[in-house]
Each structure stands twice: as C-alpha cells, then as structure tokens.
2 protein chains.
Amino acid sequence: MERTPPHPEMDRFDLQRVLEALVDPVRRSIVAQLDAAGEDIACGAFDISVSKSTATHHFKVLREAGLIRQYYVGTSRLNALRRTEMDQAFPGLLDAVIPARAAGR
Amino acid sequence: MERTPPHPEMDRFDLQRVLEALVDPVRRSIVAQLDAAGEDIACGAFDISVSKSTATHHFKVLREAGLIRQYYVGTSRLNALRRTEMDQAFPGLLDAVIPARAAGR
DNA sequence: GTCGAAATTCGATGACTATCGTACTTGTGC
DNA sequence: GCACAAGTACGATAGTCATCGAATTTCGAC
C-alpha cells in the first residue's frame with residue numbers, strides 16, 4: 001500500500017480551502033509550532049489538546065489544503081510547513097495569521 | 001430604541017473572530033465589494049446570492065468581528081469597511097484575503 | 001515471530017451555523 | 001393617516017465539522 005498521502009500542487013492551492021484550514025485554533029497552533037521550530041515535527045510531538053484521532057484529522061485537513069507536507073520516517077510521520085509555496089500563493093497570509101509572526105516577527 | 005448597533009473597539013479585535021468572519025465566501029465577497037467600491041454601501045445594494053434575512057446575519061457577523069461599521073441613513077443601513085483599523089490590527093490580512101488585492105492590487 | 005510504539009480508519013455524537021420564510025419595526029412620502 | 005421600502009428578529013431546518021474511543025495497520029526492536 002502506498003504510504004505517501006496525496007498533496008496538492010501549488011498551482012491548485014485554493015484560498016477557501018486554506019482559510020477553512022486556518023480558522024481552526026488547533027490547526028493554526030500546529031502551523032505556528034512548525035513555523036517557530038523551523039524544522040519538521042512528528043505528529044505526536046506537537047503540543048495540542050486533542051486526542052490522537054482528532055489530531056490525525058487536523059493533519060489531513062492541513063495537508064489537503066497544501067499547508068503542510070507529510071512523509072514517513074519509520075513509524076513516525078513528519079510534518080513540514082510549506083511556507084515558501086504558501087507565501088508565493090498567498091503573500092502575507094501566514095504572516096498575518098501566525099501570532100509570533102504578526103507580533104514583530 | 002437605540003438604532004446604532006454595538007461595534008468592537010480596535011483594541012478588542014480578535015483574530016479568531018475575524019477569521020471566522022472571513023472564512024465565509026459570502027462575507028468575503030461583501031468585504032471585497034466594499035474594498036473595491038471605496039465608498040459605503042447599503043445592505044440591499046450588494047451583489048450577493050442569499051435572502052435578505054441571511055444577509056442581515058452576515059452583516060452582523062462582519063460588524064461584531066470589527067470588519068465593518070454600520071450606521072443608518074433613513075431606512076437604509078450603510079456599511080463601511082474598517083480597513084485602516086484592520087490593517088493596523090492584522091497587517092496584511094485583508095490584502096491576502098481579498099482576491100483583487102492579492103492579484104497585484 | 002512477538003511486542004510495543006506511532007499513527008490511521010471507522011462510526012457515532014454533539015455543537016455550531018448558513019439558510020430560509022414570516023412577522024415585525026422603522027422611516028419616507030403622499 | 002396610509003402605503004411602501006429597507007432591514008431586523010425569530011424560529012426552524014439541514015448540513016457540516018470537531019471530537020472521541022475502539023479497532024486496525026505499519027514499522028522497528030528484540
């Protein structure tokens with residue numbers, strides 16, 4: 001079975017989809033943690049207050065919107081923020097939505 | 001009875017609230033039309049595809065998030081985009097979210 | 001092969017919300 | 001006064017979605 005889930009190409013990014021992903025506080029927190037860390041993070045290593053199955057759901061939404069890229073390393077699934085692509089598709093959006101960025105970088 | 005509805009002050013703007021308002025396509029269209037027009041517009045003069053009662057609901061959400069200011073002139077209620085305040089509170093957000101703005105201004 | 005860790009899948013559920021029609025209020029004009 | 005126009009308020013409804021637990025898959029280590 002293929003273990004690499006589908007990711008949208010950059011030219012198929014959809015603003016509506018991205019906004020729906022970013023409107024959830026938990027998902028926005030995931031994005032913010034990825035941005036702050038500056039490195040890829042495993043699903044289980046995030047500081048979030050929901051169950052694992054709910055977390056899986058959030059990662060899927062973020063991935064399908066194009067905000068993150070997911071790949072396996074062993075049993076862990078690493079998450080990478082697609083910041084460059086997002087910035088190109090929707091300039092200023094992530095900066096406006098991630099608190100740490102908005103607050104003077 | 002007081003006819004001026006409550007508006008949040010700028011220092012009480014809440015990102016979560018603003019995003020919830022902007023995630024709806026109808027509301028984003030209202031904001032975009034206000035931005036493009038550059039002048040205040042009456043509730044009934046927008047190009048939207050929902051009933052009047054639904055429109056009222058959307059205007060209320062936008063107002064309570066701080067995105068628009070509403071005031072009466074006769075039986076009409078005019079809507080003004082609070083762009084300056086929004087730009088100050090969340091720099092780059094409206095630019096990123098309004099298509100006309102995002103597409104090279 | 002067996003065990004445990006990491007994550008997904010699969011319903012089920014509860015809450016929220018966009019939508020509408022109808023009734024009502026408010027103001028203008030005659 | 002009356003009629004009309006512009007919006008609002010009020011339920012009601014249907015669809016979506018965040019959440020969870022339990023069962024399952026996949027991989028690494030022993």
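The chains referred to below are lettered A, B, ... by the order of the sequence lines, with proteins before strands, and numbering in each begins at 1.
Within the 4.0 angstrom heavy-atom criterion, only backbone atoms of the sugar-phosphate kind lie near A:Ser76; the bases stay farther away. Counting any heavy atom pair closer than 4.0 Å across all strands shown, A:Ala42 reaches sugar-phosphate atoms only and no base atom. A:Phe59 comes within contact range of no nucleotide atom at all, as no heavy-atom separation falls under 4.0 Å. Note on B:His57: a base of the nucleic acid sits closer than 4.0 angstrom, heavy atoms only.
Among residue pairs with one or both ends in residues 37-58 of chain A, none qualify as salt bridge (Lys or Arg N to Asp or Glu O under 4.0 Å); sequence neighbours excluded.
A salt bridge is absent between B:Asp24 and B:Arg28; no separation between the charged side-chain nitrogens and carboxylate oxygens falls under 4.0 Å.
Put simply, the residue from B:Arg17, B:Glu64, B:Arg82 that forms a side-chain contact (heavy atoms from CB on, under 4.5 Å) with B:Pro8 is B:Arg82.
Residue A:Arg27 places its side chain closer to D:dA18 than to any other of D:dT19, D:dG7, D:dA18. Proximity note for B:Thr54 (side chain, C-beta onward) versus C:dA7, C:dC20, C:dA5: the nearest is C:dC20. Comparing D:dG21, D:dG7, D:dC27 by their closest approach to the side chain of A:Ser53 singles out D:dG21.
Remark on the helix from C:dG1-D:dC30 to C:dC30-D:dG1: inter-end axis angle 20°, axes from five-pair C1' superpositions, rounded to 10°.
Distance CG (B:Leu62) to C1' (C:dT17): 14 Å, rounded to an integer number of Å.
Side-chain polar atoms of B:Thr56 and B:Ser53 form no donor-acceptor pair below 3.5 angstrom.
Atom CD of B:Gln88 has 12 or fewer heavy atoms from other residues, nucleotides or ligands within 6.0 Å.
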Take A:His7 and A:Arg69 through the side chain to side chain donor-acceptor pair (under 3.5 Å) test and state the conclusion after the steps. CA-CA 7 Å; A:His7 292 76; A:Arg69 195 176 291 279; 4.9 Å; no
